[in-house]
Number of protein chains: 2
Amino acid sequence: MKITHSAGSADDINMQLNYYQREDQVLLAVDCIIFGFDKKNLKVLLIKRNFEPEKGKWSLIGGFLKKNENLDEAAARVLETLTGLNDIYLEQLHTYSKIDRDPGQRTISVAYYALINVDSHQFDGIQIDSAKWFKLKEAPDLIFDHNEMVEKAMARLRRKAMTKPIGFELLPEKFTMRQLQNLYESILGKKLDKRNFINKINSLDVLIKLDEKDMTVSKKGAYLYVFDKDKYEKKVEEEGFSFKL
Amino acid sequence: MKITHSAGSADDINMQLNYYQREDQVLLAVDCIIFGFDKKNLKVLLIKRNFEPEKGKWSLIGGFLKKNENLDEAAARVLETLTGLNDIYLEQLHTYSKIDRDPGQRTISVAYYALINVDSHQFDGIQIDSAKWFKLKEAPDLIFDHNEMVEKAMARLRRKAMTKPIGFELLPEKFTMRQLQNLYESILGKKLDKRNFINKINSLDVLIKLDEKDMTVSKKGAYLYVFDKDKYEKKVEEEGFSFKL
DNA sequence: TACATTAAGTGTGCTTTTCACACCTTAAAG
DNA sequence: CTTTAAGGTGTGAAAAGCACACTTAATGTA
């Protein structure tokens with residue numbers, strides 16, 4: 001039987017299993033794009049590498065897939081290991097496989113992104129002091145294809161935020177309309193009209209207005225809201241409601 | 001230095017490279033969901049496996065990633081090898097990694113989907129006689145997690161078709177309004193109003209109406225159209241036009 | 001104590017888009 | 001010359017999107 005790298009017949013492919021088992025295994029990594037939002041700015045969490053290659057440069061947090069876990073679990077483990085965070089909205093983004101993306105060795109990387117609320121998660125369990133939040137616009141150049149990953153995650157976040165109520169993952173449980181609007185303005189990269197925004201949000205009817213005000217920003221104080229997840233899910237289920245901003 | 005599978009400090013992770021290089025390499029496969037459309041029905045291309053495991057069952061076409069190619073190239077190679085097709089719209093979908101998804105061995109699979117026009121590609125170079133088109137609703141159960149892949153590809157196709165003119169990849173170069181409408185009805189899984197559909201399409205202003213009729217279906221004959229890709233791209237570029245159906 | 005400052009809160013009207021809806025035309029076959 | 005089967009065409013009502021400006025509440029300062 002002929003074993004070859006060139007495109008052959010289906011039978012070639014079928015019989016190549018042994019060949020592949022021996023020769024074509026690869027290292028699979030996960031890299032996590034962690035988005036945060038603190039009142040005013042969208043941020044991304046980066047670490048400074050303290051090992052080669054590219055030691056001293058900034059990168060996404062990442063790690064390698066282990067034999068006894070799937071990719072979602074690997075991403076969650078990496079996130080928890082490096083930040084102490086668990087139970088976070090984490091979604092697979094894309095798999096990167098350029099041959100020389102990691103100059104040290106052939107590595108394929110599966111990118112995940114997560115949304116976390118900077119203030120209510122103070123990284124109690126954080127293991128690394130080299131991790132830092134960067135405003136998206138001020139983020140440094142990253143190693144390998146990590147810039148590309150952040151770009152793509154940002155595009156996905158933009159799209160997703162328009163059709164799913166994922167923005168609330170980035171905010172504290174209680175938030176003001178202004179904070180919510182700031183968040184959407186950050187995600188979409190443009191200013192929105194205050195009245196139209198509030199009208200739109202209210203027409204969706206998934207927020208609960210509290211009798212409580214946030215007095216930290218203004219003298220008058222702004223009412224706090226919470227996202228009513230149960231109501232949202234009931235609406236989706238019962239009336240095929242779809243969140244559109 | 002302690003080497004461990006449990007979540008450790010960042011330094012643990014940093015130093016685990018050697019460990020992983022030796023132990024945690026995996027086989028990476030690509031599987032392709034090939035959509036076609038022949039006048040009336042959305043179809044998917046499947047093959048009957050003639051090797052173990054799951055010999056005799058239907059599956060997506062697939063193959064393994066090689067050392068000297070990236071994933072996009074692997075998917076294109078697999079597609080070309082099995083169907084003779086090249087230069088096809090091919091997009092990465094998702095990476096599947098359940099530990100026992102392939103009972104024979106630990107394999108991670110990256111799914112791609114492609115759209116092809118059934119009629120104008122007659123599989124001249126086809127290497128396998130076990131490949132067959134199935135109407136989506138009548139497709140058999142597939143091996144491993146391939147059903148899940150087809151589901152997800154279908155969801156992606158639905159979403160994408162609403163905002164990008166990808167539907168035209170599935171049609172012959174010249175097509176009638178009715179064919180286009182049938183295609184969209186297949187993708188969206190619901191009937192559309194004829195007049196509203198035509199008005200909508202025409203308002204997008206990216207089709208060229210030919211002086212030629214398709215006489216094969218009706219006695220009266222229906223005008224043929226072609227998608228004006230240059231015009232579409234110019235509109236996107238110059239006026240930020242976005243295709244919305 | 002009134003004046004200035006700062007952010008909060010609130011509604012209307014125009015424009016655009018969406019959606020429901022029905023009849024006539026053409027050409028071939030019987 | 002009647003029947004049949006698909007092609008082709010327009011309007012009006014409802015909903016959604018969007019631009020737009022002033023008043024209120026609380027505090028600090030003159």
Side-chain angles (χ1 to χ4, degrees), chain A residues 38-41 158 161-163 165 171-172 174-186 188-226 235 239-245, chain B residues 38-41 161-163 171-172 174-186 188-226 235 239-245:
Chain A
D38 73 344
K39 312 262 197 246
K40 210 68 188 175
N41 294 288
R158 261 193 294 273
M162 297 301 291
T163 55
L171 291 169
K174 299 174 183 180
F175 51 87
T176 66
M177 274 292 177
R178 188 48 60 94
Q179 287 169 349
L180 185 61
Q181 186 177 342
N182 282 339
L183 171 59
Y184 271 94
E185 289 178 345
S186 297
L188 303 178
K190 65 180 180 198
K191 289 265 168 254
L192 301 172
D193 179 85
K194 186 167 51 158
R195 280 167 297 183
N196 290 339
F197 182 80
I198 292 173
N199 289 159
K200 190 65 191 259
I201 291 288
N202 283 335
S203 77
L204 295 175
D205 188 29
V206 291
L207 294 193
I208 299 167
K209 184 175 188 169
L210 304 177
D211 275 338
E212 203 181 337
K213 285 188 164 190
D214 173 7
M215 306 303 292
T216 60
V217 179
S218 80
K219 292 137 192 174
K220 186 178 176 184
Y223 282 105
L224 288 165
Y225 292 77
V226 294
K235 283 170 83 98
E239 36 174 307
F241 169 77
S242 86
F243 185 94
K244 289 256 178 291
L245 203 124
Chain B
D38 73 345
K39 313 266 195 240
K40 210 68 189 174
N41 294 288
M162 297 302 290
T163 55
L171 291 169
K174 300 174 182 179
F175 51 86
T176 66
M177 275 291 176
R178 188 50 59 92
Q179 287 168 350
L180 185 60
Q181 185 178 343
N182 282 339
L183 171 58
Y184 271 93
E185 289 179 344
S186 297
L188 303 178
K190 65 179 179 198
K191 289 266 168 254
L192 302 172
D193 178 85
K194 185 166 52 158
R195 281 167 295 183
N196 290 340
F197 182 80
I198 291 173
N199 289 159
K200 190 66 189 260
I201 292 288
N202 283 335
S203 76
L204 295 174
D205 188 30
V206 291
L207 294 193
I208 299 167
K209 184 176 188 168
L210 304 177
D211 275 338
E212 204 181 336
K213 285 188 164 190
D214 173 6
M215 306 303 291
T216 60
V217 179
S218 80
K219 293 137 191 176
K220 188 180 177 186
Y223 282 105
L224 289 165
Y225 292 78
V226 294
K235 284 170 82 98
E239 36 176 306
F241 169 78
S242 84
F243 184 95
K244 288 255 180 293
L245 202 125

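Just so you know, these numbers come straight off a predicted model, no measurement behind them. Below, each value reflects all heavy atoms present in this structure, side chains not excepted, and no hydrogens, waters or symmetry copies. We name chains A, B, ... by the order of the sequence lines, and we start the count at 1 in each one.
Distance B/K39 NZ to D/dA6 P: 15 Å, rounded to the nearest Å. As a whole-Å value, the separation of B/K190 NZ from C/dT18 C1' is 12 Å. As a whole-Å value, the separation of B/N196 CG from D/dG10 C1' is 11 Å. Atom CG in B/L245 sits about 14 Å away from atom C1' in C/dT17, given to the nearest Å. Between B/Q181 atom CD and D/dG7 atom C1' the separation is 12 Å, expressed in whole Å. Rounded to whole Å, atom C1' of D/dA6 lies 12 Å from atom CD1 of B/I198. For B/K209 and D/dG8, the NZ to C1' distance is 8 Å, given to the nearest whole Å. Rounded to a whole Å, the CD atom of B/Q179 is 14 Å from the P atom of D/dA6.
Other residues, nucleotides and ligands place more than 12 heavy atoms under 6.0 Å from the NZ atom of A/K244. No more than 12 heavy atoms of other residues, nucleotides or ligands lie within 6.0 Å of NZ in A/K40, so this atom counts as exposed by the packing criterion. The number of heavy atoms from other shown groups lying within 6.0 Å of OH (A/Y223) does not exceed 12.
Rounding to the nearest 0.5 Å places CG of B/L192 at 11.0 Å from CD1 of B/I198. To the nearest 0.5 Å, atoms CG (B/L204) and CG (B/N199) are separated by 11.0 Å. Annotation: the span from B/T176 atom OG1 to B/E212 atom CD amounts to 12.5 Å, rounded to 0.5 Å. B/L188 contributes atom CG, which lies 5.5 Å from atom CE of B/M162 (distance to the nearest 0.5 angstrom).
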Protein-nucleotides 24-30 of chain D N/O pairs under 3.5 Å:
{"residue": "D/dT24", "atom": "O2", "partner": "A/K220", "partner atom": "NZ", "Å": "3.1"}
{"residue": "D/dA26", "atom": "O3'", "partner": "A/K219", "partner atom": "O", "Å": "3.4"}

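Annotated stems with DNA chain C as a participant read C:1-30 with D:1-30, given as range with range, by first number; only runs of 3 or more Watson-Crick or G-U pairs under 3.5 Å qualify.
Here D/dC20 is the nucleotide among D/dT9, C/dC21, D/dC20 with the atom lying nearest to any side-chain atom of A/R195. Listed candidates were D/dG7, C/dA8, D/dG10. Nearest to the side chain of A/R178 is C/dA8. Minimum atom distance to the side chain of B/N199 is reached by D/dG10, of the listed C/dA7, D/dG10, D/dC20. Checked against D/dG8, D/dC18, C/dA8, the side chain of B/A222 finds its nearest nucleotide in D/dG8.
B/Y225 does not carry B/K209 over the face of its six-membered ring by the limits of under 6.0 Å from the centre and within 45° of the normal.
Nucleic acid contact class of A/K194 (heavy atoms, under 4.0 Å, all strands): base.
Between B/R178 and B/D214 no salt bridge is recorded (no basic side-chain N to carboxylate O distance below 4.0 Å).
For the pair B/D193 and B/K200, both in contact range of DNA chain C, the more 5′-proximal nearest nucleotide belongs to B/K200.
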